[in-house]
Number of protein chains: 2
Amino acid sequence: MTTTSTDGRSLAGLAALLADRTRASFCLALLDGRAWTAGELARAAGVAPSTASDHLTRLVHGGLLVEERQGRHRYVRLAGPSVAQLIEDLAGHVPAPPVPARTLRAASAGAALAYARTCYDHLAGRLGVLVHDALLDRGVLDRTGGLALTPAGVAWLAGIGVPVEPLRTGRRPLVRDCLDWTERRPHLAGALGAALCARFLDLGWVVRGTGRAIRLTPAGGPALAATLGLAPAALAPPPSRDTGPARA
Amino acid sequence: MTTTSTDGRSLAGLAALLADRTRASFCLALLDGRAWTAGELARAAGVAPSTASDHLTRLVHGGLLVEERQGRHRYVRLAGPSVAQLIEDLAGHVPAPPVPARTLRAASAGAALAYARTCYDHLAGRLGVLVHDALLDRGVLDRTGGLALTPAGVAWLAGIGVPVEPLRTGRRPLVRDCLDWTERRPHLAGALGAALCARFLDLGWVVRGTGRAIRLTPAGGPALAATLGLAPAALAPPPSRDTGPARA
DNA sequence: CGGACGGGTCGGCCGGCGCCGAACCGTGCC
DNA sequence: GGCACGGTTCGGCGCCGGCCGACCCGTCCG
C-alpha cells in the first residue's frame, strides 16, 4: 500500500513466520490437513511446550494457522488450501541438496512416502501422479488449454460417486496442478483433487498410514486400476512389502 | 527427496531469504520481470551497496535470483516465472493492514498502479482484470472446469498476432489465475498472459511507465476496446475520474 | 595512464529472536 | 477435593544476522 501494493516489510514479516526451523516443521506437519495439538507439534519438532506455544501464537496471528480450542487442548490447522499451496510451492523451490544421502532406515520410510501420500488433502506421490495421468488418458481432464475438467469427466466422476457441482462453490479452483516433490511432475490438486482423495478413502481403496503416508488396500488396487483403466501391475507398491519397517 | 521430501530446516532456510525487509523489497522490485543492477536495487531499498551485494549473493545462491555480469555491472533478475508466482502468492497472504492510510502524493502514484501495471510479465491491475473478464466473455477462455483456453480462443489469438502453439513448450502453464492485489479478483497469468502483454506492448497499445506502471496509449484505448468487444469508456484510465476510484 | 565508478570483502557493532526453565492457570480424572 | 496434565506467561541467556564504513579490485573513459 505504501509504494506498490505490498511493501518489503510486510512481505518479510510473513516470510519470517516460515523462516524458522521449528515453525517450518510445524507447517510441514500440518500439511496432512489434520488438526494437531500444541503438544503433539512440540514433541514432533523437539522443542519445549512453551516454545511451541509461542510459535503457534505467531502463526495464528499471522493468518497461516487457525486454532480451535477444546477443553484444555489447543488444536491448530492450516488456515486453508491456499496456505497449503503456498507451503508446497515454497518447498518446491528448495534447492536440491548436494548429497541425496539417506540412511538405510530413512530410505524405507521415504520409499513409502514416495509411493503414496497426502499433499494437504489430495493424493500425491507416484500414485497421485498415476491417477493424474490416467484421468488425462481417459479424457476426464484435458490439458490442451490449461488443465480443465471435461463434460465427459463430469459424468465419469458422477459414476464413481463424486458429484462435481457442489465443488464449484467457494473460490477454490476446481482443478489445479501441484508439482509433486518426488516425481517432479504434476498431480491433481484443487477441490476435485481433494474430493477424489476423500472418495477413495471412503471406498476403502486407500487408507491412511503413519503421518502423511497412504497405503493401497488389497481390494483397492484392482478396483482403482479397473476404474482408471490401468493394468493392476501399474499400481504396484514400492520395492517389497511396505510394512516391514527396518529392524528398529 | 531428502528424508521426508522436505524438512523444516531447508524450508526455513528458503523462507529466510524472503524474511528480510531489504531482500523482500528486492524481490518485489524484480517482479517487473526486468534485470536490475546491484546499485539500482541498493538505492531503491535505501541500503549501502555493500549491504545489497551481500543480499544479492544470498538470493542468487538460494536459487531465487539469477545473475548476469556485464562489464562492471551485476544484473540480477528473478530465476523464473515460478519464483515470481511464489512471491506473488506470498504477497497475497499478507494479512490486510489495519489502516489503508496513504498520503495524498502516494495516492496518485498508487492509483496509476492500481489501474494498470505488470505482474512479473503479464498485465495486472484494473486493466488486467478487464482483459481477463473480456476474454471470458468472448469465449476465448473458459472456466466451467478450471481455467482453460478454448479452441475458438486459439483462432482469436492468432487473429491478433499471438500464435499459441509456441507457448505450449516448456513446463510453464499456458493459462493460470493470478490473484490481483488491488482488485482482489483474478487476472490472466501463465505463458499466454505473458505473450498477450508482450503483444500489446509490441502493438503500442500500452507502454511502460515508471517502475511497473503501464499506461494505455491514445491509439491503444480504442484498439483494445474494439478487439475485446468493450465500450471505449470501459477502459477509461484513472486521471479522468472513472466511476469510483476505489472503496470510499 | 590516471581518475571515476560499480561492485565485493572484511571487521565490528548491535538489535532481534529463538530457546529454555520456572511459575501459573484451567481442565479433566480419580 | 486433590492431583496430573496441557497450555501459557515471563525473564533471561546466547547466537545469528543485518547494517555500515573502510579498503580493495576491476572496468570504463578521458
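Letters go in sequence order (proteins before strands), and every chain restarts at 1. Since the model is a prediction, treat every value here as computed from it, not as a measurement.
Taking atom NE2 on B:H61 and atom P on C:dT9, their separation rounds to 12 Å, with Å as the unit. Taking atom CG on B:L56 and atom C1' on C:dT9, their separation rounds to 15 Å, with Å as the unit. Note: CZ (A:R9) to P (C:dG16) measures 13 Å, nearest angstrom. Computed from coordinates, the A:H73 NE2 to C:dC25 C1' distance equals 16 Å when rounded to whole Å. Rounded to an integer number of Å, the gap from CZ of A:R69 to C1' of D:dG6 is 11 Å.
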Derivation of the side chain to side chain contact (heavy atoms under 4.5 Å, CB included) call for A:V207 and A:L216: CA-CA 7 Å; A:V207 292; A:L216 200 61; over 6 Å; no
Candidate pair B:L18 and B:C27, rule side chain to side chain contact (heavy atoms under 4.5 Å, CB included), full reasoning: CA-CA 8 Å; B:L18 297 168; B:C27 291; 3.6 Å; yes
Atom pairs under 3.5 Å: protein N/O with N/O of nucleotides 18-20 of chain D:
unit_1	atom_1	unit_2	atom_2	d
D:dG18	OP1	B:R23	NH2	3.2
D:dG18	OP2	B:R23	NH1	2.9
D:dG18	OP2	B:R58	NH1	2.8
D:dG18	OP2	B:R58	NH2	3.2
D:dG18	O5'	B:D20	OD1	3.4
D:dC19	OP1	B:T22	OG1	2.8
D:dC19	OP2	B:H55	NE2	2.4
D:dC20	OP2	B:A48	N	3.0
D:dC20	OP2	B:T51	OG1	2.8

Restricting to nitrogen or oxygen on both sides, can you table the protein-nucleotides 24-30 of chain D pairs closer than 3.5 Å?
unit_1	atom_1	unit_2	atom_2	d
D:dT27	O2	B:R72	NH1	3.1

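The side chain of B:R43 places no N or O atom within less than 4.0 Å of a non-bridging phosphate oxygen (OP1 or OP2) of C:dG7. Of the side-chain N and O atoms in B:R74, one or more sit less than 4.0 angstrom from OP1 or OP2 of C:dG8.
Shown for residues 32-39 of chain A: residues whose heavy atoms fall under 4.0 angstrom of DNA chain D, namely A:T37, A:A38, A:G39.
Once rounded to the nearest 0.5 Å, the distance linking NE2 of B:H93 with CG of B:D89 reads 7.0 Å. Taken to the nearest 0.5 Å, the CG atom of A:L78 stands 8.0 Å off from the CG atom of A:L64.
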If pairs are Watson-Crick or G-U with both distances under 3.5 Å, what is the dot-bracket string of DNA chain D, marking crossing pairs with [ ] and pairs to another strand with |? ||||||||||||||||||||||||||||||
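Within 4.0 Å of B:P49, counting heavy atoms only, lies no atom of the nucleic acid at all.
For residues 8-28 of chain A, no residue pair satisfies the salt bridge (Lys or Arg N to Asp or Glu O under 4.0 Å) rule, not counting sequence neighbours. For residues 31-43 of chain B, every residue pair satisfying the salt bridge (Lys or Arg N to Asp or Glu O under 4.0 Å) rule, not counting sequence neighbours, is listed here: B:D32-B:R34. Residue pairs meeting the salt bridge (Lys or Arg N to Asp or Glu O under 4.0 Å) criterion with at least one partner in residues 47-69 of chain B, sequence neighbours excluded, are B:E67-B:R69, B:E67-B:R74, B:E68-B:R77. Listed by first then second residue, pairs satisfying side chain to side chain donor-acceptor pair (under 3.5 Å) with a partner in residues 197-209 of chain A number zero, not counting sequence neighbours.
By the side-chain hydrogen bond (donor to acceptor under 3.5 Å, both in side chains) test, A:T51 pairs with no residue at all, sequence neighbours left out. For A:Q85, the side-chain hydrogen bond (donor to acceptor under 3.5 Å, both in side chains) criterion is met by A:R176, not counting sequence neighbours. The side-chain hydrogen bond (donor to acceptor under 3.5 Å, both in side chains) test applied to A:S10 returns A:D7, not counting sequence neighbours. In terms of the salt bridge (charged side-chain N to carboxylate O under 4.0 Å, His left out) criterion, residue partners of B:D177 (sequence neighbours excluded) are, by chain and number, B:R143.
Relative ring orientation between B:F26 and B:H55 is described as perpendicular, the plane-to-plane angle rising above 60° on a 0-90° scale split at 30° and 60°.
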